[in-house]
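Please read the structure below before turning to the comments.
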Protein chains: 2
Amino acid sequence: MTKRDDLTEAATDYALAHGLIGLSLRPLAAELGTSDRMLIYHFGSKDELVAAVLEASNTRSMAYIDAMAPAASLGKAVLALWATYTEHDQVQRCQRMYVEAAALGLLGREPYASSIRASNALWIRTLSAYLERSGVTATRAPGIANLIDATFNGVFLDRPLDDEAESRQIVQDLASALDRPQLGNE
Amino acid sequence: MTKRDDLTEAATDYALAHGLIGLSLRPLAAELGTSDRMLIYHFGSKDELVAAVLEASNTRSMAYIDAMAPAASLGKAVLALWATYTEHDQVQRCQRMYVEAAALGLLGREPYASSIRASNALWIRTLSAYLERSGVTATRAPGIANLIDATFNGVFLDRPLDDEAESRQIVQDLASALDRPQLGNE
DNA sequence: GACTTCCTGTAGCACTTGCTACATACCTGA
DNA sequence: TCAGGTATGTAGCAAGTGCTACAGGAAGTC
């Protein structure tokens, strides 16, 4: 739509490819065919640009979850979510960037801390909706969504590239743990 | 022992307090009562300093796990581990720094990627040992340790400061999921 | 034609980064 | 006594950081 929106999408592509932590305006601008001067002009500051990029990235990855077909059980839902994470480069990269942003916001630094809070709230809601579609009750869904999200992020953190088998094993363990018949209360 | 070791410990304190991501030599050196010049002299490069700091931090936090008394069940072990994480500032800060290093190493950047791999291997071994002390079989322990580690890291990532109750809820969910009687095979 | 508003290029500022060159001590062993 | 390794201070370099000042072009409005 606006020029700013175009820049946001292009900057998001760049950030997804090159990472968020070392991001600096001049190389980014060069790849977008513009200048740091223009980025500041359109966004006001680097922080606002970063916030826009994080929001765009989150929006992109949520679309993939929303598009998933329901699963037959909770455990199968966990495996299906993991498959979505790993099969789509886009989702994987968005998740990686989320992890970077979260790390940058660990000590409360802005705009990362606020962006992460906002993104996470939406993300949990998206996961919850998928779980509900898969038969999980509305009361249990958010809690389980949080557990799944935390575990997946942790897996991404520890095994960024290699060890795909080991990552899968962890997810499998979580899935089977969650799929056991519910004995206790909630 | 050597001057380098002293500097490593002091630099670790500083990094645990101020974070790893924005770490730069001059402010660090100022707080240690020395100069960037001297840090480079003793460590050779910033990368080697960072590697030393990460190793020191990991060693510190593992000591806390090694000191834990065995738990009565797997679920109780999970809760006890989480208690250790949250009750000791040292452990919490070490974990936070691990997360920062992992984020920095996400795209393979050194020395973070290598340090994380090494730290994680030792950390999983430490967790496994604790689980075995708590009655988990030696074959299952490493897998479960990976699952617990991933989940805890994910929780730290999403809820750095606030939401202690929600964090606890996630851990509780994991604990009860793992504590259900084993029906399937392994 | 004058005026405003949006957009963009050039140049630069003040600052920080990791790291180095150079000189100078100090202590130790021959 | 003197050589040699260890340690430290001063100064600086080349590169990069976010951001700004200033000027100007393009396009529409009165």
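A note on names: the letters A, B, ... follow the listed sequences, proteins ahead of strands, and every chain is numbered from 1.
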Q. Got a sec, which residues hit side chain to side chain donor-acceptor pair (under 3.5 Å) with A:Ser115, two or more places apart in sequence or on another chain?
A.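 So A:Ser115 forms no side chain to side chain donor-acceptor pair (under 3.5 Å) with any residue.
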| said: Give me each pair satisfying salt bridge (Lys or Arg N to Asp or Glu O under 4.0 Å) with a member in residues 119-133 of chain A, each pair once, sequence neighbours excluded. | reply: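 Counting only pairs at least two positions apart or across chains, no salt bridge (Lys or Arg N to Asp or Glu O under 4.0 Å) contact touches residues 119-133 of chain A.
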Among residues two or more places apart or on two chains, list those pairs meeting salt bridge (Lys or Arg N to Asp or Glu O under 4.0 Å) that have a residue in residues 70-95 of chain B.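 Listed by first then second residue: nothing to list.
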side-chain hydrogen bond (donor to acceptor under 3.5 Å, both in side chains) between A:Tyr98 and B:Asp158, intermediate numbers included = CA-CA 10 Å; A:Tyr98 175 87; B:Asp158 283 344; 2.6 Å; yes
Could you note down all residue pairs passing side-chain hydrogen bond (donor to acceptor under 3.5 Å, both in side chains) where residues 21-40 of chain A supplies at least one of them, sequence neighbours left out?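 As it turns out, there is no side-chain hydrogen bond (donor to acceptor under 3.5 Å, both in side chains) pair with a partner in residues 21-40 of chain A once direct neighbours are skipped.
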Problem - Pairs flagged by ring pair (Phe, Tyr, Trp, His ring centres under 6.0 Å) wherever residues 108-148 of chain A is involved - sequence neighbours left out - result: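 Every pair satisfying ring pair (Phe, Tyr, Trp, His ring centres under 6.0 Å) with a residue in residues 108-148 of chain A: there are none.
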(message) Once ring pair (Phe, Tyr, Trp, His ring centres under 6.0 Å) is applied, what residue pairs with a partner in residues 40-59 of chain A remain, sequence neighbours excluded?
(response)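 Qualifying pairs, neighbours excluded: none.
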B:Asn146 side chain to A:Gln169 side chain, donor-acceptor N/O pair below 3.5 angstrom
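Short answer, no.
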Name the pairs: protein N/O against N/O of nucleotides 21-23 of chain C, kept only if under 3.5 Å.
| residue | atom | partner | partner atom | Å |
| --- | --- | --- | --- | --- |
| C:dA21 | N6 | B:Arg37 | NE | 3.3 |

(message) Below 30° counts as parallel, above 60° as perpendicular, anything between as tilted: where do the rings of A:Tyr85 and A:Phe152 land?
(response)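 Plane angle over 60°, so perpendicular.
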Plane angle bin for A:Trp82 and A:Phe156 - parallel if under 30°, tilted between 30 and 60°, otherwise perpendicular: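 If you compare the ring of A:Phe156 with that of A:Trp82, the planes turn out tilted.
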Members of residues 22-33 of chain A that approach DNA chain D, where some heavy atom sits under 4.0 Å away: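 The answer is A:Leu23, A:Ser24, A:Leu25, A:Arg26.
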Which residues in residues 38-52 of chain A have a heavy atom closer than 4.0 Å to any atom of DNA chain C?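 Only A:Met38, A:Tyr41, A:His42 qualify.
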task: May I have the distance from A:Asp36 (atom CG) to C:dG12 (atom P), rounded to whole angstrom?
output: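 Going from A:Asp36 (CG) to C:dG12 (P), I get 15 Å.
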Could you pull out all residues at least two apart from B:Ser114 that satisfy side chain to side chain contact (heavy atoms under 4.5 Å, CB included)?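 Counting only residues at least two positions away or on another chain, B:Ser114 forms a side chain to side chain contact (heavy atoms under 4.5 Å, CB included) with B:Glu110.
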Side-chain polar contacts of residues 49-60 of chain A - donor-acceptor pairs under 3.5 angstrom, sequence neighbours left out - could you list them?
| residue | atom | partner | partner atom | Å |
| --- | --- | --- | --- | --- |
| A:Asn58 | ND2 | A:Ser119 | O | 3.4 |
| A:Thr59 | OG1 | A:Glu55 | O | 2.9 |
| A:Arg60 | NE | A:Glu9 | OE1 | 3.4 |
| A:Arg60 | NH1 | A:Asp13 | OD1 | 2.8 |
| A:Arg60 | NH2 | A:Glu9 | O | 3.2 |
| A:Arg60 | NH2 | A:Glu9 | OE1 | 2.8 |
| A:Arg60 | NH2 | A:Asp13 | OD1 | 3.1 |

Span of DNA chain D, from the first to the last nucleotide whose atoms fall under 4.0 Å of chain B heavy atoms
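Span of nucleotides near chain B: D:dT6 to D:dG12.
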